[in-house]
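Since the model is a prediction, treat every value here as computed from it, not as a measurement. First listed ligand is number 1; within each ligand, the first listed atom is number 1.
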Amino acid sequence: MSESKPLSLDPTGHARRAEEAALHAGGPAVRADLLGVTVWAVNDPDLLRLLLTDPRVSKDPHRHWPGFPERVLGRWPLDLWVSGQNMFTAYGPEHRRLRRLISPAFGPRRVNALLPRVEAITAGLVDAIAAAEPGVPVDLRRALAEPVPVRVIGELLGMPPEMADDFRRVVRTVFDTSASLERAKANRAEYFGLIDLLAARRRAEPGDDLTSALIAARDEEGDGSRLSEGELRGTLMLVVSAGYETTTNLLDQAITALLTHPGQLALVRSGGVPWGEVIEEALRYEAPVSHLPLRYAVSDIELPDGGVIRAGETILASYGAAGRHPRVHGETAGGFDVSRVNKEHLSFGHGPHFCLGAPLARAEAAVALPALFERFPEIRLAVPPDELRPTRSLVSNGHAALPVLPHGR
Ligand code: HEM
C-alpha cells in the first residue's frame, strides 16, 4: 500500500503504460490523483472483483461522497461522470430499479434481432472504404470504428440520423479528460439540449425504440414513480455515452493490434483462432475503458494487505491495469497473444454494474472485424505504429486517428 505522494494520472492519456507499471508496482490499491481528487486506484483483479461486489462500495455520490455536490458540481471537469441521474451513479434498490427498466433492450433476443442491421451497416461502411483510391490513407476510426456503434445505438434509440454527428461530437468531449472546466460545462449544456431534442421528437412521434419505451415508462405514472424526468434524460445520456466511445475503442484497438502483429493476424486469417478469442484478447490487452470514475466507501474497508479505505474515500476501478496484471497474466501480460489460454479481464466491469451492453459490443465486433479483414487481405497501417496518438483521455483508450491503406499500397 503506498503512503507516498499520490500517483498523478495524466489526463491526456499519454502516460498510460508508465502509469500501469506504477500501479502494478504500488500494490493492489494505490493512492492516485485524478484531476485534483485523491482516489484509491484499484488495479489487482482479485481485489477489484471483491470491491465491485461489496455492498460497502457505492456509486451514489449524493449519499456516500462527503462534500458532494458543493465541491464537485460545476467545479471538477469530470463531474458529468459522477452526477448523471441513472443506474451508473445509483446504489442498491435505486440501481436495480433503473437498470431493470432498460435491461430487456440489451438481452440476447434484442441483440440477435439487431444483428442483421449491424451487418448491413458494416457492409455499407466497408464498401465505402473499398472505394478509397489506392495510396490514399483512410482513417478507420472515422470510417468504421465510430460509425458502426453510432448507427447501431442511433437505431436502438430511434435517433433522427441528422442528430448523430452532434451526439458523436459531445460524447467525444465527455471522454476528453484533458478538456477545461469551461469546455466541459459548455459541452454538458449542449449534451442536455440534444437529449431533450431527441426525447421531444420521440414523444411527438413514438416508435418501436428504446427512447419511446423510456418515455412511456416515464409518462405512464404521472408522478414519476417509475422514472423521473431527470432519470429519463440521465438514462438516455448514459446509453449514448456508454454505447459510442467504448465500442469504437474496441474496434480501433483490435484492428491496431492485428495490424501491428502480422503473425497473429495470419493465425486468425487461417482460421487457427476464432474471432471471439481475438475480441477477448483485445479487450484484455487494451481495455476500452482504462479507469472508471468513481466509487465511494460507505464504511471503512480493510484491505487484504492491511490497508484501510476509509468511509467516504473514493475508489477508481483501473480496468486497463487489471487486464495487464502480471500476477494473473505473467511476464507476457503486456503482449498481444490471441492464443493465450487465460484471457480473463474486467473490461466490462463486474458485479451489479456489469456492462449492460457487453453482448451488443461483442456482437458488433464479431461482425465488423471479419468483414474488414476478409475484404482487405492487403490492409496495413499507413504510418509507423509509434506515430499513432492516443485519444486525449485517461478513461477512453483509443487513437485520435487510425490511418490505414486498405489496399496495402
Ligand atoms: C467494448 C464496449 C464496451 C465496454 C468496454 C464497456 C465497458 C463498461 C464498463 C467497464 C462498465 C462498468 C462501469 C462500472 O465500473 O460501474 C459498463 C457499464 C455500462 N455499460 Fe458498457 N461498455 C461497452 C459497451 C456498451 C454498450 C454498447 C452499451 C449500450 C448500448 C453499454 C452500456 C452500459 C451501461 C448502461 C452500463 C451501466 C450499467 C450499470 O451501471 O448498471 N456499454 N460498461
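- By the criterion of a heavy-atom distance under 4.0 Å, both the backbone and the side chain of Thr247 are placed next to ligand 1.
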Given the rule in the salt bridge (Lys or Arg N to Asp or Glu O under 4.0 Å) test, do Glu94 and Arg63 qualify, once you have shown the distances and angles that lead to the verdict? CA-CA 12 Å; Glu94 285 296 283; Arg63 288 168 63 191; over 6 Å; no

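- Remark: minimum distance from atom 24 (C) of ligand 1 to any protein heavy atom is reached at Thr246 OG1, 3.2 Å.
- If you number the atoms of ligand 1 from 1 as listed, the ones under 4.0 Å from a heavy atom of Ile153 come out as 30 (C).
- Using cut-offs of 30° and 60° on the angle between ring planes, the pair His261 and Phe336 is tilted.
- Close contacts between ligand 1 and Phe106 involve ligand atoms 29 (C), 30 (C) [criterion: under 4.0 Å to a heavy atom].
- Taking every heavy atom of Lys59 and a limit of under 4.0 angstrom, the matching atoms of ligand 1 come to 14 (C), 16 (O).
- For Arg99, every heavy-atom contact with ligand 1 shorter than 4.0 Å involves the side chain, none the backbone.
- Arg284 places a side-chain N or O within 3.5 Å of a backbone atom of Gly323 that can act as its donor or acceptor partner.
- Side chain to side chain, Arg392 and Ser178 meet the donor-acceptor criterion of an N or O pair below 3.5 Å.
- Glu245 and Ser396 share a donor-acceptor pair across their side chains, judged by distance under 3.5 Å alone.
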Test salt bridge (Lys or Arg N to Asp or Glu O under 4.0 Å) on Glu231 and Arg99 and set out the steps. CA-CA 11 Å; Glu231 288 166 348; Arg99 185 167 168 122; over 6 Å; no

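- Closest to atom 15 (O) of ligand 1 among all protein heavy atoms lies Tyr319 OH, 2.5 Å.
- Given atom 10 (C) of ligand 1, the protein heavy atom at minimum distance is Ser347 O, 3.3 Å.
- Contact analysis puts His95 in contact with ligand 1, with a non-hydrogen atom separation below 4.0 angstrom.
- Closest protein heavy atom to atom 40 (O) of ligand 1: His353 ND1, 2.7 Å.
- Atom 28 (C) of ligand 1 has its closest protein heavy atom at Gly357 CA, 3.4 Å.
- In the vicinity of Ala361, heavy-atom distances shorter than 4.0 Å reach the ligand 1 atoms 1 (C), 2 (C), 24 (C).
- By the criterion of a heavy-atom distance under 4.0 Å, the side chain of Arg295, and not its backbone, is placed next to ligand 1.
- Numbered from 1 in the order shown, with element, the atoms of ligand 1 that lie under 4.0 Å from a heavy atom of Pro352 read 41 (O).
- Numbered from 1 in the order shown, with element, the atoms of ligand 1 that lie under 4.0 Å from a heavy atom of Leu250 read 1 (C).
- Other residues, nucleotides and ligands contribute only 12 or fewer heavy atoms inside 6.0 Å of the CD atom of Glu205.
- Of all non-hydrogen atoms in Tyr91 and Pro55, the two that sit nearest each other are OH-O, 2.5 Å.
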Is there a salt bridge (Lys or Arg N to Asp or Glu O under 4.0 Å) between Glu20 and Arg17? Walk through the geometry before answering. CA-CA 5 Å; Glu20 283 167 359; Arg17 290 290 101 87; 3.0 Å; yes

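- With ligand atoms numbered from 1 in the order given, ligand 1 contributes 26 (C), 27 (C), 28 (C), 30 (C) to contacts under 4.0 Å with heavy atoms of Gly243.
- With Glu190 as the partner, the salt bridge (Lys or Arg N to Asp or Glu O under 4.0 Å) test is satisfied by one option alone out of Arg172, Lys185, Arg169: Arg169.
- If you check which protein heavy atom lies closest to atom 19 (C) of ligand 1, you get Cys355 CA, 3.7 Å.
- Per-residue contacts place Pro288 under 4.0 angstrom from the following atoms of ligand 1 (heavy atoms of the residue considered): 5 (C).
- Nearest protein heavy-atom contact of atom 36 (C) of ligand 1 is Leu356 N, 4.1 Å.
- You'll find the ring centres of His353 and Phe88 outside the 6.0 Å limit.
- Ion pair Glu286/Arg324 flagged as a salt bridge, since at least one NZ, NE, NH1 or NH2 atom sits closer than 4.0 Å to an Asp/Glu carboxylate oxygen.
- Protein heavy atom nearest atom 35 (C) of ligand 1, with residue, atom name and distance: Leu238 CD2, 3.7 Å.
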